Every structure is written in C-alpha cells, then in structure tokens.
Amino acid sequence: MARGDNRYLDTRGNMDETLSFTQAIIKGLAPGGGLLVPQNVPTLTLDEILGLASMKYADRAAFVFKKFDIDLPDETIDSLMHIAYSDNFDDERIAPIQKVADDKYVMELWHGPTSAFKDMALQCLPVFFSKAIEVLRENGEAEEDFLILVATSGDTGKAALEGFKDRDHIKIMVFYPHGGVSDIQFKQMATQKGTNVNVLGGQGDFDDCQTSVKRTFNDAEFNEHIKKDFNFKLSSANSINWGRLLPQIVYYISGYSQMVADGAVKAGESIDICVPTGNFGNILAAYYAKQMGVPVAKLICASNVNKVLTDFINTGVYDISNRSLVLTPSPSMDILVSSNLERQLFELTGRDGAQIKAWMDSLMKDGKFEVDPDTRDKMKELFAAGYATNDECLSTIKSVYEDYDYLMDPHTAVAWKVASEVETTHPVLIASTAHWAKFGFDVYRAINGLPAGSELPEEVTSLTGAQLNRLIADKTGGRKVPAGLDALDDMELRFTDVCPATKEGVEDQVDSFLRA
Ligand SMILES: *Cc1c(COP(=O)(O)O)cnc(C)c1O
C-alpha cells in the first residue's frame, strides 16, 4: 500500500468521497453529522507490540501512526512525535504504570502540562493539525489559517490552549463560564502563555458559553466575514476528531507492552482495561487497541451517577429522555450524550452507516434508541460496566489512600471502584485521567471522611487552589504537587476579561482577536 491509502469514511454513510488523514483531522466532523473513521484498522503482531517496550514513548506513538498509514512521510511523523511527547511531560515514560494493589495497575495519563489526560491527545493533535494545514496548502486544497474556538467547563480549555499555543497557522480562543470554574482552573487559563492565544470569561453558565460558540460556528455570514477579512476559518478540534482518538490508542498498546516488560503479565496473556468514561473517547481507544491485537479480555466502562452508558451496556437501550444531569466530584464525566459511542456502534454493526444514522436520528428526535439483539450481545461480550455514587467515589479515594498510600483523583476513583466489582481473573489496567491536585476540594473531603457536597470550613474554602494542595500534600505525608499547579499563585494573570455569553459576545471577541 502506498503511504496514505488508508482513507477516512463517515459513520452515517453521508460522504460520497473518502478523505486523507490530513483532511480528516482538519475537517473534524463529516458533513451530515457523522464521525470519521479509517477504512482500515491495522493489526499488530504480538512481537510488534512487545517490541515497543524498548522504544521511547514518542517512537512508540510514531510506530502506531505509521501502521495507520497516515499521509505524511515517516521522518515527519517521527519528528512531530518528538515534539508532542518530550520534556513537556514531567515523566520521561510519558504514561507510566504503577502497580498499586495485587492485580491492579494504574496508568497515569496526567504527566502532561495541564496534569490531566486530555494532554495525551492535545499535545499531539495540534502538532499534526498545523502540519496538515501546511500539506493542504501545498496541494492547493486550503489557503486559510484556523481559529480554534473552544467552550470549556474548565479542563479541556486549558489542555487545548497548551496544545495549540504557538503553533503555525493557528490561533486559539477559549470561553469559560465566568465565576463557574475552580481557582486552579481559572488560573491555569488566565496565566496561559503564548502569542496566539486568548481566554474570555463568558457572563453565563457553561451551557450559555457552549451554545454561543456553537451558534458562532453555524453563523454563515460571520464565517464568511472572517474568511474574507482575515483569511481565517473556525475549527473546534474537539474530542470527536480522529486526530484526538489516535494518540489515545497508542497508550493502551504501549501500556500492554510495558506491563509485559515489567513482569506484570506474561506475553500474550490478557488484561482487563477499566476506563472512567464520559464522551466514550478514552474507552473507544482501548477497544481499537484490542482490535489491533492487544490481548484484552474485558473493557470495563466506569460511570458516575450520570450512568447512561452503564445502563446502555447492560440493557441495549440508550435513553436520555428522562434523565437530567447530576453534578458529581468527577465533572469531566458529567455527560449524557456520549459522542464517541457512535464510532463503537459503527464497528459493532459491521460498519452499517444506515443503521447508525437511524439510531442517531432517533436519539435526536425521541432522546433514545435501542440496538438490535445481535449488537447488544456483542457489546455484552466486549464490555463490563458499572458506576460509583458520589459518596462511593470519595470513600474509594480514602480507602485506596489508606490501604496502598496512593492518592487518586475522583475520576480515577470511579474507575477503581467499578474495577473492584467486576469478577475477573486478569490483571486490570486502570486509566488514571487526572492528578488529584486538580480536584483539591473533593480530595480534601475524601481524606477527611466528609460526604460529597458537604460544606467545608472557612479556613479551607478561603484557600487558593495551590494553598489547598499544599495542605493536602502535607496531610498525606508530603507528596508532590505538579510544578505547574503549585506555581499558579505566583504567575501573571494575562487574561481576566469577561464578555456576554451570547453569540454576539463571542463574535465581537473573535473579530477583535483576529483584527489585532
Ligand atoms: C475528559 C475526561 C474524562 C472522560 O473521557 P472521555 O474520553 O470523554 O470518556 C475522564 N476523566 C477526566 C479527568 C477527563 O478530563
């Protein structure tokens, strides 16, 4: 096969033509609302998988990308990966695995610049995105620069800012709900460095910010204006972009090779993988790793009380018609519509685009759909699923800390709790998606045995996030807070402006940012 022969099609069968990898990551979403997937998911031999253990992480990632036959030269892939995964991470193993309990291994996906797992994809995608713009320009397929526009409830925005800062042909602008994010989240964004970045507090809640950003994307006249006057196009680079999924597949393949190298499992023996799940991206990456040859017995899907996915896996019915969102200590999993599930269903139905389109139409219209018995059985074969209540989440943080001297964040704790309930004879690899220091208040509640949502004393609530983290670190035997989080109180606040969280507010800000 020539380089780049592995083309991209869409999950709803709407596209007449297939796309190259570079086109797919620039486009993000297919016309008609479907998601992009490669025609061919490659397989690796066990030897190829095990061979990764002797490579640097960047080379492991390059190896997997080349297997997907993406339309860039090998040397380019190599050099981009060494930009994506190097000393921007605070551990040279990038995604190290800790044995925490008998047969429970935690893969720490938060050693990147923002201390959460979104970095694993968002340190990589922007490097390829910027290169893809260059390629498309050379081919005469594009001439614009791109403005990445993001509405965030806190964590994704920072990871996107770090990933896209100072990338060629790109600017990035992030809207968060003013007063609606934690001190740590606010300072992480407000102190953002880089010459192509901007951050605004929207006067409204997250929904207002998200709706306003979506309406800006859909405003044809405004898009015309920024194209004509500034030569810019809008892009979201969100979690349904294939360019975010592919780097996530890498760490599961890499993780298995590492577990074999460390003697945690014998070559060829199966593991289970447990993932705290929101939009279904991270666990879908584990599914693809299994398809590619990693010996995985069960994929364990862990939810918080917003357990629409757990119920779906157990019943075959996806139903949000009577659910409202509940706030939990694991906010990045407070999601009802799991966008990436669409790709999973596409694969399980033998890539039946018409069927996927029908289910997604039904979800849109009635707030639910039910899969056929065959798909349901396949799902039950592949997945186990469970959930943790808010109090169970916090008590898990406490008990794992007390039993194993390992401090977890609330998202990881949800996964730990669910992994502990599944009957298995395999070692379990648990995806740890955030450092505990990003969620100080709930970690404080957890180690002090306080219930979820309980009032905290004034001497705790008056602390900055960094001060609270030092308090927790001291109380738990002097553990380390990531340098980037610890330094936040001393850094210059560059972005403190607010604007109306309306379409007009967003468009005004975009206009002046591109004009500057
Ligand atoms: C985004 C996120 C998740 C959920 O990942 P999905 O890919 O959306 O399932 C879990 N934990 C943390 C900390 C996250 O930021």
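Computed from a predicted structure; not experimentally measured. Counting convention: from 1, in listed order, for ligands and their atoms alike.
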> When the aromatic ring centroids of Tyr256 and Tyr252 are compared, is their separation below 6.0 Å?
Replying inline: no
>> With side chain to side chain donor-acceptor pair (under 3.5 Å) as the rule and sequence neighbours excluded, what pairs involving residues 377-391 come up?
In response: Thr389-Glu392
>> Determine whether the aromatic ring centres of residues Phe312 and Phe280 are separated by less than 6.0 angstrom.
In response: no
Do any nitrogen or oxygen atoms of ligand 1 lie under 3.5 Å from a protein nitrogen or oxygen, and which ones?
unit_1	atom_1	unit_2	atom_2	d
ligand 1	7 (O)	Gly281	N	3.3
ligand 1	7 (O)	Asn282	N	2.9
ligand 1	8 (O)	Asn279	N	2.7
ligand 1	9 (O)	Gly278	N	2.8
ligand 1	9 (O)	Asn279	N	3.2
ligand 1	9 (O)	Phe280	N	3.1
ligand 1	11 (N)	Thr433	OG1	2.8
ligand 1	15 (O)	Lys118	NZ	2.6
ligand 1	15 (O)	Ser332	OG	3.3

> If we ignore angles and hydrogens, is there a donor and acceptor under 3.5 Å between the side chains of Tyr57 and Glu92?
Replying inline: no
> Mind checking what makes side chain to side chain donor-acceptor pair (under 3.5 Å) contact with Gln23, not counting sequence neighbours?
Replying inline: Ser20, Glu141
>> Test of understanding: with side chain to side chain donor-acceptor pair (under 3.5 Å), list the residues that count as partners of Lys438, not counting sequence neighbours.
In response: Asp155, Gln188
